[in-house]
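Remarks on the structure that follows.
Residue numbers run from 1 in the order of the sequence given. When a ligand or atom number is given, it counts from 1 through the structure's own listing order.
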Amino acid sequence: MADQLLSTASHRLGSLPASYVRPESQRPRLHEVISDAAIPTVDLGSPDHSQIVAQIADACRHYGFFQVVNHGVGKESMRRMMEVAQEFFRLPAEEKAKHYSDDPTKKIRLSTSFNIRKETVRNWRDYLRLHCYPLEDFAPEWPSNPSSFKEVVSVYCKEVRRLGFRLLGLISLGLGLEEEHMVKVLGEQEQHMAINYYPKCPAPDLTYGLQAHTDPNALTILLQDHTVAGLQIRKDDKWIAVGSDDPHSFIINIGDQLQALSNGRYKSVWHRAIVNANKDRLSVASFLCPSNGVLISPPEKLLSEGGRAMYKNYTYEEYYDRFWSRNLDDEHCLELFKNASSLESEN
Ligand code: OGA
Ligand code: NI
């Protein structure tokens with residue numbers, strides 16, 4: 001029911017409701033988070049193409065995350081995207097209620113937490129999830145309030161898709177493959193968007209905006225409010241805070257499918273969003289996803305000795321169903337697809 005949404009005034013005050021309080025052992029332990037580390041930044045406008053390829057390859061191996069600047073997505077469309085997202089979450093509750101659903105299979109839905117049908121503890125997040133490709137199939141059903149929503153988000157989606165395809169080319173090259181490799185094997189890629197809204201929270205040390213997870217898709221392109229901290233990633237068994245003071249940068253991360261397609265060379269790393277006592281935070285995650293029916297299988301060139309693949313071949317559809325049937329912070333979903341013969345032996 002739509003009255004579960006956090007983005008209504010009545011939820012903003014008072015203390016943290018019990019349904020959001022994590023058991024002691026699962027709390028974010030914010031004092032242990034490394035705040036002065038940085039993920040690699042890649043300047044996509046650099047004339048040195050081979051350096052770009054090498055920097056991205058290095059980041060994908062060691063961090064699973066990197067930041068891009070001079071990436072070709074217009075500053076104005078980034079600004080308008082954030083603005084329209086903010087306007088959407090400020091709409092009156094009755095207006096937002098039209099889009100509410102807790103059914104993860106719906107192609108447009110406003111919901112809260114992660115998967116309220118399955119989880120036992122809630123996350124301090126509302127989100128609008130949209131399918132975005134092909135645009136003409138989905139955009140007509142998107143919210144028509146704010147009135148600029150469809151136009152702004154459509155423009156943004158097209159630009160982000162172009163950036164994503166370019167990155168998949170650079171990622172392929174970094175693995176010693178043909179530039180077109182990943183784009184070819186991922187098929188007619190779907191594109192999904194999560195517009196995440198994390199309201200101010202009365203007790204950020206007891207809960208999450210989004211608990212630790214890996215992204216089930218191929219590649220994620222995140223636009224975030226550069227004035228508010230929130231994203232943290234797992235690196236060398238520690239949580240590090242990923243901020244940026246550049247409003248025109250994107251955070252890119254490898255999803256589970258690129259980990260599988262690279263035969264484990266590139267990492268789909270754990271990450272989470274924490275919330276703040278004094279500030280709301282918005283982020284816009286764009287997900288490139290393999291076409292449902294394609295078989296996820298690494299190229300021969302990347303197989304290890306004896307021609308072994310780390311993971312079984314599966315279709316993305318099988319993977320996605322499995323992903324949504326679990327709790328978000330259960331073991332890495334790829335572990336469920338591991339080839340018995342490759343256990344312990346890789347990398
Ligand atoms: C996501 C995600 C992080 C953030 O939507 O998958 O990891 O900072 N979001 O909102
Ligand atoms: Ni994520």
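- Taking the six-membered ring for Trp and thresholds of 30 and 60 degrees, Y314 and F337 have ring planes inclined between 30 and 60 degrees apart.
- Contacts between S283 and ligand 1 below 4.0 angstrom, taking non-hydrogen atoms only, involve the side chain exclusively.
- By the 30° and 60° cut-offs, the orientation of the rings of F323 relative to Y319 is parallel.
- In the vicinity of A285, heavy-atom distances shorter than 4.0 Å reach the ligand 1 atoms 5 (O).
- Between R125 and ligand 1, a contact under 3.5 Å exists for no N or O pair.
- Listed by number with element, the atoms of ligand 1 under 4.0 Å from a non-hydrogen atom of H271 are 7 (O).
- Only the side chain of Y198 comes within contact range of ligand 1, with a heavy atom under 4.0 Å; no backbone atom does.
- Under 4.0 angstrom from ligand 1, the non-hydrogen atoms of D215 all belong to its side chain.
- With sequence neighbours excluded, no residue forms a salt bridge (charged side-chain N to carboxylate O under 4.0 Å, His left out) with E317.
- Contacts between R281 and ligand 1 below 4.0 angstrom, taking non-hydrogen atoms only, involve the side chain exclusively.
- Under 4.0 angstrom from ligand 1, the non-hydrogen atoms of H213 all belong to its side chain.
- Shortest contact from atom 5 (O) of ligand 1 to any protein heavy atom: N196 ND2, 3.3 Å.
- When only modelled atom types and interatomic distance are considered, Y208 and Q26 share no side-chain donor-acceptor pair under 3.5 Å.
- Ring pair W270/H332 is perpendicular by interplanar angle, where above 60° counts as perpendicular and below 30° as parallel.
- Nearest N/O/S atom of D215 with respect to the Ni ion (ligand 2) is recorded as OD1.
- When the N, O or S atoms of H213 are ranked by distance to the Ni ion (ligand 2), NE2 comes first.
- Classification of the F88-H99 ring pair by plane angle, with boundaries at 30° and 60°, yields tilted.
- Aromatic ring orientation, W124 versus Y20: perpendicular (interplanar angle above 60°, classes split at 30° and 60°).
- Heavy-atom contacts of F287 reach the following atoms of ligand 1: 5 (O), 6 (O) (cutoff under 4.0 Å).
- In summary, of the residues considered (Q232, K235, H213), a side-chain hydrogen bond (donor to acceptor under 3.5 Å, both in side chains) with H271 occurs for H213 alone.
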